[in-house]
Amino acid sequence: MKKFRILYTVLISTLLFAPRLAFGQETWFSIHADSLAGDIPSLDSKVDISVSNVSMQEFLRAIANSSGLNLNVDPAIEDNVVNNFNDVKVKDMLIFLECNYPIDIEAVGNIINIQKREVVETIETDFKGVKYDSITHLITLDYYQTDLNQVAREITKITEYNIILAPAISSKQVTGYVEEMPFDGAMEQFAFGNDLTVRVTESGYYVIEPAPGLEPPVAASSNQDSRNRSQKKEQIEYVLEVKRMSNGSVHVHCSNAPLDKVIRAVGDEIKANYFISSTLEGDISLMSETSDFKAFLEDILKGSSYIYQEKGGIYVIGSKEIPTLKQWDIYQFQNRTIDKVVELLPEDVKQDLMITEFIDLNSLLISGEESRIRNLKDLLTSIDKTVPVILIEVIIVNVSKNYTISTGIEAGIGDAPIQTQGQVFPGVDLQIGADDINKIISGFNGFGVLNLGNVNANFYLILKAMEEQGILEVSSTPKLSTLNGHEAMMNIGNTEYYLEETSNFIGSQNPSLSTAKIYKSVKAELAITIKPIVSGDDQITLDILVEQSDFTERISKEAPPGSVNRKFESLIRVKNQELIILGGLEEKRYQDSSSGTPILSRIPVLKWLFSSRTRQDQKSKLNIFIKPTIIG
């Protein structure tokens with residue numbers, strides 16, 4: 001007996017769930033049954049029932065009485081039931097009945113509503129009409145003297161491309177054959193062969209219209225015929241067909257139909273809760289198949305002056321000018337700042353939206369239509385990426401070489417006696433006074449006829465024989481950090497001042513002289529500006545600007561110092577952590593001056609006794625090493 005109960009349970013489960021697999025899709029009740037059981041506990045209660053050729057209404061009434069479930073059964077249901085259920089949940093039994101009988105089950109609060117399903121005959125097509133390969137996207141068309149309306153419906157159903165027919169051509173007889181062509185090309189060829197044209201709208205709809213110059217001519221007729229045509233045109237003002245398909249979706253076909261009537265018809269068929277808050281003006285033509293009222297509203301209202309908003313399962317539809325239909329949302333950036341984000345957004349994305357920067361939270365406040373807010377947030381999510389941080393190591397090396405040689409003898413008479421002083425080694429820079437010179441002369445006097453006498457008490461003698469060489473190397477290693485695409489700047493400078501005097505005469509009767517002294521500054525600096533841009537392969541593009549200025553000698557003590565400037569710009573691409581060198585900023589100074597006794601200062605050997613010479617050679621070279629590293 002136990003084995004029999006197990007086998008029976010397996011058989012019942014197979015019968016319950018096999019229909020859903022056979023149908024290939026789930027119904028509304030089968031999808032929501034588990035969630036409804038939380039609000040309606042009776043759905044999880046188990047029943048035992050066995051019937052033979054009992055009407056569906058009696059069978060459902062017995063289930064309701066046994067489980068305590070609130071059921072509302074459509075009187076139009078006339079099917080009979082032959083079943084034997086043992087220890088089966090009520091929700092599983094209802095799913096079984098919905099999958100095997102033409103009924104639809106919905107929930108209204110804690111009431112289960114069961115209605116008869118409307119069976120709609122669908123257009124069955126074979127390979128003689130439309131053949132479409134969803135993998136290769138190739139289509140084959142084969143029609144002979146067929147209504148264009150039927151052709152459009154069959155193509156839409158098979159390919160899921162929405163086709164809209166222009167007024168007055170839906171009954172046109174078309175003929176054509178196209179074999180395995182891309183959809184766009186096939187439609188163009190088929191339309192061309194029937195004096196029609198095809199254009200694609202921004203929403204992706206294919207609109208079929210008469211070819212230019214081939215509109216149906218208006219033949220001359222009697223006044224009675226004209227009146228009959230006018231009356232017929234008034235009677236058939238637009239076309240609107242809304243049908244429930246066997247798969248649960250709703251097929252919509254309309255031509256020049258009022259927008260509000262199309263929305264009402266689709267909403268009523270889908271059983272959506274909606275509220276139209278303002279007059280909807282305008283006509284629309286389309287052919288589509290939908291089961292989602294929200295997606296249908298987004299498509300049909302796109303590009304119009306109307307929007308919708310969903311509140312508690314109710315769709316409120318109206319003009320964009322109604323403040324209550326606009327939504328507020330906030331987007332907070334996680335990886336970058338909001339600085340200049342609004343300026344960079346495309347204008348078509350910002351259209352009909354109010355965007356406010358909220359710097360404190362690094363967020364954007366967005367107000368407008370729900371679908372536009374959603375599109376903007378998708379775009380912001382795609383650009384909200386981590387911004388790399390680049391560490392830039394800069395090594396600045398400035399090497400100066402100096403060579404100076406000074407030689408010669410200078411003699412003269414000063415204002416006062418001079419004491420002997422100076423340096424003898426390693427270089428000679430000696431200043432000799434008159435007393436020591438007279439002692440030297442006295443040492444020579446008395447040798448034969450040689451008698452030089454004495455020099456003046458203020459006489460002096462300067463001897464120079466010096467040579468200097470020097471190498472000075474100055475280096476600094478600053479480190480800079482910046483975000484990708486932003487400049488990093490380093491500035492090292494020196495400021496000197498000079499005096500500027502301005503004299504002005506004040507008054508006309510008794511003018512007086514007024515003198516103003518102003519100290520003005522002059523700056524010499526080394527400035528380096530680097531802008532890094534990181535590419536996807538971790539290569540770094542560096543935009544480098546180096547400016548160096550230095551002071552030279554003043555013309556006078558009060559004059560501003562002279563200056564020399566060096567500058568170069570470079571745009572290079574390097575790898576991460578690759579070292580580069582920028583050099584060649586070199587400065588050279590050469591000076592050769594001499595003074596001496598005329599003629600004697602030019603004679604070899606004697607020129608060393610009768611002249612003084614100074615020669616100076618100075619070189620300065622600046623090298624800059626740069627190493628960028630991506631650290632974040």
Side-chain angles (χ1 to χ4, degrees), residues 202-203 273-275 277-278 292-392 479-489 529-543 576 628-632:
E202 295 181 356
S203 302
N273 299 320
Y274 64 89
F275 173 73
S277 61
S278 63
D292 188 350
F293 191 60
K294 181 177 182 179
F296 175 77
L297 289 178
E298 287 188 0
D299 291 337
I300 200 172
L301 297 179
K302 187 179 297 181
S304 69
S305 58
Y306 305 104
I307 59 177
Y308 77 95
Q309 187 182 69
E310 182 183 4
K311 294 182 178 180
I314 301 176
Y315 295 90
V316 182
I317 309 166
S319 173
K320 292 181 179 179
E321 305 300 326
I322 301 177
T324 56
L325 289 183
K326 294 183 179 180
Q327 288 191 349
W328 280 93
D329 206 341
I330 185 169
Y331 184 87
Q332 185 175 33
F333 285 90
Q334 303 296 324
N335 302 297
R336 61 155 301 150
T337 64
I338 62 173
D339 184 32
K340 296 184 179 179
V341 170
V342 179
E343 299 177 10
L344 299 176
L345 292 175
E347 291 298 329
D348 57 342
V349 175
K350 297 187 292 184
Q351 186 178 3
D352 298 330
L353 292 177
M354 185 175 70
I355 306 173
T356 306
E357 295 182 353
F358 194 10
I359 300 178
D360 295 347
L361 294 179
N362 195 36
S363 305
L364 294 178
L365 297 177
I366 311 169
S367 172
E369 183 183 352
E370 180 184 3
S371 60
R372 286 192 169 275
I373 293 177
R374 187 167 57 251
N375 293 336
L376 176 59
K377 292 180 68 175
D378 292 341
L379 176 60
L380 295 176
T381 302
S382 64
I383 65 176
D384 186 15
K385 305 297 182 182
T386 302
V387 181
V389 178
I390 299 95
L391 172 65
I392 304 174
K479 295 183 179 181
L480 310 174
S481 295
T482 184
L483 291 176
N484 182 34
H486 294 262
E487 291 184 350
M489 181 178 294
T529 304
I530 302 175
K531 182 179 180 181
I533 299 177
V534 181
S535 59
D537 56 353
D538 284 347
Q539 299 246 0
I540 306 174
T541 301
L542 298 176
D543 188 356
N576 185 26
T629 303
I630 302 175
I631 61 175

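No hydrogens, no waters, no symmetry mates; every other heavy atom, side chains included, goes into these values.
- A donor-acceptor pair under 3.5 Å is formed between the side chain of N362 and the backbone N or O of I338.
- Contact annotation: the side chain of D329 never approaches that of L376 to less than 4.5 Å [non-hydrogen atoms, C-beta and beyond].
- The nearest pair of heavy atoms linking I533 to G485 is CG1-CA, 4.3 Å.
- In this structure, the side chains of N576 and T629 come closer than 4.5 Å at one or more pairs of heavy atoms.
- Taking each heavy atom of L364 and V342 in turn, the nearest pair found is CD2-CG2, 3.9 Å.
- Interatomic distance, I383 CD1 to L345 CG, rounded to the nearest 0.5 Å: 6.0 Å.
- Separating the OG1 atom in T337 from the CG atom in L483 is a distance of 7.5 Å, to the nearest 0.5 Å.
- Remark: of the listed residues F293, Y306, Y274, F296, F293 is the sole one forming a ring pair (Phe, Tyr, Trp, His ring centres under 6.0 Å) with Y315.
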- Message: Before you tell me yes or no, could you show the steps for K385 and N335 under side chain to side chain contact (heavy atoms under 4.5 Å, CB included), namely the whole-Å CA-CA distance, both residues' side-chain angles and the distance that decides it to 0.1 Å?
- Response: CA-CA 6 Å; K385 305 297 182 182; N335 302 297; 5.6 Å; no

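- Annotation: side chain of Y308 is in contact with side chain of K294 (closest heavy-atom distance under 4.5 Å).
- Atom CG of L301 is separated from atom CD1 of I307 by 9.0 Å, given to the nearest 0.5 angstrom.
- Applying the salt bridge (charged side-chain N to carboxylate O under 4.0 Å, His left out) criterion to E343, with sequence neighbours excluded, gives no partner residue.
- T386 OG1 to R336 CZ: the interatomic distance, rounded to the nearest 0.5 Å, is 11.5 Å.
- Taking NZ from K377 and CZ from R374, the interatomic distance works out to 10.0 Å, rounded to the nearest 0.5 Å.
- Considering I630, V534, I540 as possible partners of N484, the one that fulfils the side chain to side chain contact (heavy atoms under 4.5 Å, CB included) test is V534.
- Counting heavy atoms from C-beta outward, D384 and Y331 have side chains that approach closer than 4.5 Å.
- More than 12 heavy atoms of other residues, nucleotides or ligands sit less than 6.0 Å from atom NZ of K350.
- A heavy-atom distance below 4.5 Å is found between the side chains of P346 and L379.
- Within the 4.5 Å cutoff, no side-chain heavy atoms of T482 are placed close to those of L480.
- To the nearest 0.5 angstrom, Q332 atom CD is 12.5 Å from L380 atom CG.
- Contact annotation: the side chain of L353 approaches that of I373 to within less than 4.5 Å [non-hydrogen atoms, C-beta and beyond].
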